[in-house]
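Heads up, the thing below is written out as structure tokens.
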Amino acid sequence: MNKIFALVDCNSFYVSCERVFNPAVNQKPVVVLSNNDGCVISRSNEAKRIGIGMGAPIFKCRDLVKAHDVQVFSANFVLYGDMSNRVMAVLSGFTPNLEIYSIDEAFLSLQGFEHLGLEDYAREIRKVVKRQTGIPVSIGVAPTKTLAKVANHYAKDHPETNGVFTLMREEEIEIILSQTAVGEVWGIGKEKAIFLERNGMKTASELRNAPDEWIKKHLTIVTLRTVWELRGISCLSMEEVQPNKKAIATTRTFGYEVSRLVEMEEAVLAYVSRSAVKLRRQKLLAGHIQVYVETNPFKDTPYYRNSAGTIISPSTAYSPHLIEAAKRLLKRIYREGLRYKSCGVILTNLCPQTNEQDYLFEEKYQGSARHRLMEVMDSYNRQTNGGKILIAAEGLGKPWFMKQAHRSKRFTTRWDELLEVRI
DNA sequence: TCTGGGGTCCTAGGACCC
DNA sequence: TCTGGGGTCCTAGGACCC
């Protein structure tokens, strides 16, 4: 039986979240910035139209911002995460088969809904999501995930589609792909696009008709899968159960450059703590920890980046053990006399707490006093909305903490930040 | 002055083993 | 003097995604 995928993608998701709670900016150009108020990571159509690029550093857009009264927001990921959950909850009512692909995208299997009319059904989904969450979405429907992505882009770029485009018929697929630049295809990034164009393939249709042998020889098996998907042969299936995580990372650029080991240590250890909280929330243990530091790559000053890692044995989710390891690693890579711009902590070799192996000489984490201590700390911090009990090594001042000058309120997750309506 | 963060997967190359 | 080949495992780095 032929498969049918719908890709639902929230339009300018972060901007749309801000607009739900701040309708005054509905018709205006709006952008949301990355952490540290660095780059533009979400743009309204109005902002796109006046030429603000995706990922553009905001300081380079200052003139445009001023000239067009662009509304600027700092990222508010607590709010976006909560809005995302609401959208996904609505979507789950429309299919038994939902794959949450990212914070603002989901694949729905529409197999078995043909009798309702795929186009009509997609329009209904779009209408209900908008009504129940305030978030506008675009929907692409096609026989493979990769084609559903293409259909989704088409819906976004063509207002006459009203946000829904179905791409099921072969003749139509061929026409649309011949109008699609090869670099717009899901899985074809900058490098591959340049390579393909150099070899005479400028459109998705040309890639689709390339010989398998040639693709296998010059590119990877992953790209071959993409080519098959463009031909309508489904190679990527629905992944409804979230696969276990392979890595948990906390990385940040600083609000200002750090040039003292003590401060660097505080930052690294604070990120270890954050990572460890994420680790425990997902009931995992880490078997490896990696720390990296980096100076500002955009400056003329000497560039330095280095990382070091070590195996954690036995695997653990106990913050003090991870902190100890991270401290040693940092000492190995820290060079005096440099001005550091960012650092990060990455936990890997993750395994579920329930699969913890037995040790001859060590106590298991599961059920130990350390385990209970972490649970008490986490649950207290959760109830009090974050960070009241922390490991002393993290430091209290956090002067390097990121800049966030324009953050909106966390309307949906904090009682003290509820939306106020004045009449 | 001011340039994000968190992931996955693949490949190449080195260490090591027999 | 002559100096293989196959396999595994690990790490670093790159490409890609949102």
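Throughout, protein chains are lettered first and strands after them, A, B, ... in sequence-line order, and every chain is numbered starting at 1.
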Please state how far atom [atom1] in [X] lies from atom [atom2] in [N], giving the value in whole angstrom units.
X: L284(A); N: dG7(B); atom1: CG; atom2: C1'; result: 14 Å
X: D37(A); N: dG4(B); atom1: CG; atom2: P; result: 12 Å
X: M54(A); N: dT3(B); atom1: CE; atom2: P; result: 17 Å
X: R281(A); N: dG6(B); atom1: CZ; atom2: C1'; result: 14 Å
X: F13(A); N: dC18(C); atom1: CZ; atom2: P; result: 15 Å
X: D300(A); N: dT3(B); atom1: CG; atom2: P; result: 14 Å
X: F77(A); N: dC18(C); atom1: CZ; atom2: P; result: 16 Å
X: N244(A); N: dG6(B); atom1: CG; atom2: P; result: 20 Å

Hey, which sits more toward the 5' end of DNA chain B by its nearest nucleotide, E257(A) or K246(A)?
-> E257(A)

Between K60(A) and T250(A), who's closer to the 5' end of DNA chain B by nearest nucleotide?
-> K60(A)

Please say which of N11(A), D157(A), N162(A), D9(A) ends up in a side chain to side chain donor-acceptor pair (under 3.5 Å) with S138(A).
-> N11(A)

Which atoms form the tightest heavy-atom contact between K145(A) and E99(A), and what is the distance?
-> NZ-OE1, 2.7 Å

Do S319(A) and R280(A) have side-chain atoms, one donor and one acceptor, less than 3.5 Å apart?
-> yes

Distance-only side-chain donor-acceptor flag, D82(A) / T413(A), under 3.5 Å = no

Nearest to the side chain of [X], which nucleotide is it out of [options]?
X: S102(A); options: dG4(B), dC18(C), dC16(C); answer: dC18(C)
X: H288(A); options: dT1(B), dT11(C), dC18(C); answer: dT11(C)
X: F59(A); options: dT3(B), dT1(B), dC10(B); answer: dT3(B)
X: T220(A); options: dT1(B), dC17(C), dC10(B); answer: dC10(B)
X: K149(A); options: dT3(B), dA15(C), dC17(C); answer: dC17(C)
X: K278(A); options: dG5(B), dG7(B), dC18(C); answer: dG7(B)
X: I41(A); options: dG4(B), dG6(B), dC18(C); answer: dG4(B)
X: E191(A); options: dC16(C), dG5(B), dT1(B); answer: dC16(C)
X: T253(A); options: dG5(B), dC2(B), dC18(C); answer: dG5(B)
X: K192(A); options: dC10(B), dG6(B), dC16(C); answer: dC16(C)

Presence of [X] side-chain N/O under 4.0 Å of [N] phosphate oxygens OP1/OP2:
X: K190(A); N: dA15(C); result: no
X: R252(A); N: dG6(B); result: yes
X: S34(A); N: dG5(B); result: no
X: K341(A); N: dT3(B); result: yes
X: K245(A); N: dG7(B); result: yes

Considering every strand and a 4.0 Å limit on heavy-atom distances, what is the contact class for [X]: base, sugar-phosphate, or nothing?
X: V185(A); answer: sugar-phosphate
X: I58(A); answer: nothing
X: I346(A); answer: nothing
X: S307(A); answer: nothing

Salt bridge flag under 4.0 Å for residues [X] and [Y]:
X: R260(A); Y: E266(A); value: no
X: E197(A); Y: K192(A); value: no
X: K202(A); Y: E206(A); value: no

Paired nucleotide for dG14(B) [Watson-Crick or G-U wobble; both distances under 3.5 Å] | dC9(C)

